[in-house]
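Presented below is the structure to which this report refers.
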Amino acid sequence: MAKLDQTRAPIYEALSRFQRERVVPFDVPGHKRGKGNPDLTAFLGQKAMSVDVNSMKPLDNLCHPVSVIRDAEELAADAFGAHHAFFMVGGTTSAVQSMILSCCKRGDKIILPRNVHRSAINALILCGAHPVYVNPETDQRLGISLGMSMAVLEDTIRQHPDAKAVFVNNPTYYGICSNLQAIVDLAHAHGMMALVDEAHGTHFYFYDDMPLSAMAAGADMASVSMHKSGGSLTQSSFLLTGPRVNADYVRQVINLTQTTSGSYLLMSSLDISRRNLAIHGEEIFQKVRELARYARAEINAIGDYYAFCRELINGDSVFDFDTTKLSIHTLDVGLAGIEVYDILRDEYDIQTEFGDLGNLLAYISVGDRRQDIERLVSALAEIRRRYKKGKAGMLTQEYIPPLVVDTPQNAFYAEKESLPLEETVGRVCTEFVMCYPPGIPILAPGEEVTPQILDYIRYAIEKGCSLTGPEDLNIQRLNVEKGV
């Protein structure tokens, strides 16, 4: 099949034509191309407000595309090597949930690592599927969870041959990649779908010297956060599907939860960003990789910090590594990652992606410059000089294997009671507790509260992690199943 013309951007082109037509609006949105809300127009700009429009014949309809959105989807599928691509305006959360809801119904099993984003467990609450968790291996020095071990996955599939799908994170937030090809092949050999949360892997499709992408591995579906390394607006993503998937059914599933008023600002940003990567992706991500390489070398030369990379590869749970990632272990400085994160922001005006108990992630993209990297390196060196201390008493493990007692759906909808944290040990949690970002639950509905988990939560609060999930925004109480 001939490649499509990737210089096209059908949604952007249609919006540009629309702007020239001077159509008088008697439809929504009510700001009427910005005239009704001058403060917002002054803040966002007249051009943006003029294309914040409703679905209409010349601009197509996201729920049932037949013209420009359909053409843009075809171009995206072509660029990513997918059978079909869906424009997602609810972020990758919506894409992840649509993948799972397309494969699983109430009572079905799905095999997945426990260190998934909360969006995957949210999908299980919605559809009633039963999770079969594969606990990831942990790097003892870094305290981070790794990828899927093939031996553990094979054993899990033998024990649960009736599972409908295997779900995998690739890469993780830290840049860890599993043996994706082997996982996809194993899932297919046992009649299971292969689903990939590829939120942090947009660039795998546009630069040759990168870990294997989900579509290249033959995965059935992949969720791609185009707004992360792809450069589109926040909340815009793609859901990619392979040839084994009924794309028409997937669209029905997407339409169960995705808005019927798709934002043309988000859709056009996907369209334009896809075009940019299709044309310039190779040079863009070569630059990003070189910036990350330079940053790692400079940071490792400071001392005590450890910006890790491909040396972690072990052929299994770390099958490959995303070399654009700048993940930095901070404990040898005597500081939690979240503490370095806070110091960088509060004292150096440097905003990193996130800090957790032992690591810091600085997200590098095409928008960065060498002088930005040098400013970060200089700040880290000064923080080490000013704040370095012993690391006695610091927690080292980012991941605590859960005790799963009930399904997420049963627990979430169970009769519940609110108890002080210290009274919840041994009880079944009915809500989430997580540091955000990265949004991987410390506790999820259906899991038993243990002393180790409570110690982790208290420590995270003490260190300044942004904990989210519970009804109690102060994280002093938890909802648990009543009388269990």
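Using the six-membered ring where Trp is involved, Phe285 and His203 have ring planes that are tilted, between 30° and 60° apart.
Proximity of Glu353 to Tyr173: side-chain heavy atoms (C-beta onward) are separated by under 4.5 Å at one or more points. Under the 4.5 Å side-chain criterion, counting only non-hydrogen atoms from C-beta, Leu62 is in contact with Gln258. Looking at Ser466 and Phe354, their side chains never come closer than 4.5 Å, going by heavy atoms from C-beta outward. Taking 4.5 Å as the limit, some side-chain heavy atom of Cys309 sits within range of a side-chain heavy atom of Glu311. A 4.5 Å side-chain heavy-atom check between Cys177 and Asn170 finds at least one atom pair inside the cut-off. Contact of the Met192 side chain with the Ile157 side chain is registered, since non-hydrogen atoms from C-beta on lie closer than 4.5 Å. A 4.5 Å side-chain heavy-atom check between Ile110 and Lys164 finds every atom pair outside the cut-off. At a threshold of 4.5 Å between non-hydrogen side-chain atoms, the residues Pro441 and Ile121 count as touching.
Ion pairing between a basic and an acidic side chain is recognised when a charged N comes within 4.0 Å of a carboxylate O; Lys463 and Asp356 show no such pairing. A salt bridge links Lys325 with Asp322: the closest approach of a Lys/Arg side-chain nitrogen to an acidic carboxylate oxygen falls below 4.0 angstrom. Ion pair Lys109/Asp162 flagged as a salt bridge, since at least one NZ, NE, NH1 or NH2 atom sits closer than 4.0 Å to an Asp/Glu carboxylate oxygen. Salt bridge annotation for Glu471-Arg477: absent, with no cationic side-chain nitrogen under 4.0 angstrom from a carboxylate oxygen. Under the 4.0 Å criterion applied to side-chain N and carboxylate O atoms, Arg8 and Asp71 are not assigned as salt-bridge partners. Taking the charged nitrogens against the carboxylate oxygens, Glu481 and Lys416 have no contact shorter than 4.0 Å, which rules out a salt bridge. Salt-bridge annotation for Arg274 and Glu73: absent, with no side-chain N of the basic residue lying under 4.0 Å from a carboxylate O of the acidic one.
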Q: Under the side-chain contact (heavy atoms from CB on, under 4.5 Å) rule, what do Val51 and Leu265 come out as? Steps first, then yes or no, please.
A: CA-CA 7 Å; Val51 293; Leu265 291 172; 3.6 Å; yes
Q) When you look at Lys228 and Tyr363, which way does the side-chain contact (heavy atoms from CB on, under 4.5 Å) test go after all the steps? A) CA-CA 9 Å; Lys228 291 187 171 72; Tyr363 212 94; 3.5 Å; yes
**Q.** Residue pair His200, Asn169: steps toward the side-chain hydrogen bond (donor to acceptor under 3.5 Å, both in side chains) verdict
**A.** CA-CA 9 Å; His200 297 276; Asn169 306 318; over 6 Å; no
Q.
Show, in sequence, the C-alpha distance, side-chain angles and deciding distance for Val53 and Tyr264, and conclude whether the side-chain contact (heavy atoms from CB on, under 4.5 Å) test is met.
A. CA-CA 7 Å; Val53 293; Tyr264 280 87; 4.0 Å; yes
Q: Go through Asn410 and Thr407 one step at a time and tell me if the side-chain hydrogen bond (donor to acceptor under 3.5 Å, both in side chains) criterion holds.
A: CA-CA 5 Å; Asn410 286 345; Thr407 67; 3.2 Å; yes
Q: Decide yes or no on ring-ring contact (aromatic ring centres under 6.0 Å, His included) for Phe238 and Phe80, but give the supporting numbers first.
A: CA-CA 10 Å; Phe238 284 121; Phe80 283 87; 5.4 Å; yes
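Between the side chains of Ser232 and Ser273, not a single donor N or O lies within less than 3.5 Å of an accepting N or O. Counted by atom type alone, Glu198 and Tyr205 present one or more donor-acceptor pairs between their side chains at under 3.5 Å. Side chain to side chain, Ser149 and Asp316 meet the donor-acceptor criterion of an N or O pair below 3.5 Å. A donor atom on one side chain and an acceptor atom on the other are not found under 3.5 Å apart for Asn479 and Glu417. Side-chain contact annotation: Gln252 with Asp248, donor-acceptor N/O pair under 3.5 Å absent.
Annotation: cation-pi geometry satisfied between Arg141 and Tyr306 (NZ/CZ under 6.0 angstrom from ring centroid, within 45° of ring axis). For the pair Arg310 and Phe321, the NZ or CZ position fails the cation-pi test of under 6.0 Å to the six-membered ring centre and within 45 degrees of the ring normal.
With hydrogens and angles ignored, the 3.5 Å screen pairs a side-chain donor or acceptor of Gln235 with a backbone N or O of Val89. At distances below 3.5 Å, at least one donor-acceptor pair connects side-chain atoms of Gln6 with backbone N or O atoms of Leu75. Remark: side-chain polar atoms of Asp271 are not paired, donor with acceptor, to backbone N or O of Ala72 under 3.5 angstrom.
Considering all non-hydrogen atoms of both residues, Leu195 and Ala165 come closest at CD1-CB, 4.1 Å. Here the closest non-hydrogen pair linking Ser94 and Met88 is OG-CE, 3.3 Å. The two residues Pro131 and Leu112 make their nearest non-hydrogen contact at CB-CD2, 3.8 Å.
A side-chain contact (heavy atoms from CB on, under 4.5 Å) with Pro470 is found for one member of Ile457, Val433, Leu443 and no other, namely Val433. Evaluated for a side-chain contact (heavy atoms from CB on, under 4.5 Å) with Ile144, the options Thr172, Asn359, Asn115 yield exactly one hit, Asn359.
Residue pairs meeting the side chain to side chain donor-acceptor pair (under 3.5 Å) criterion with at least one member in residues 95-107, sequence neighbours excluded, are Arg106-Gln409.
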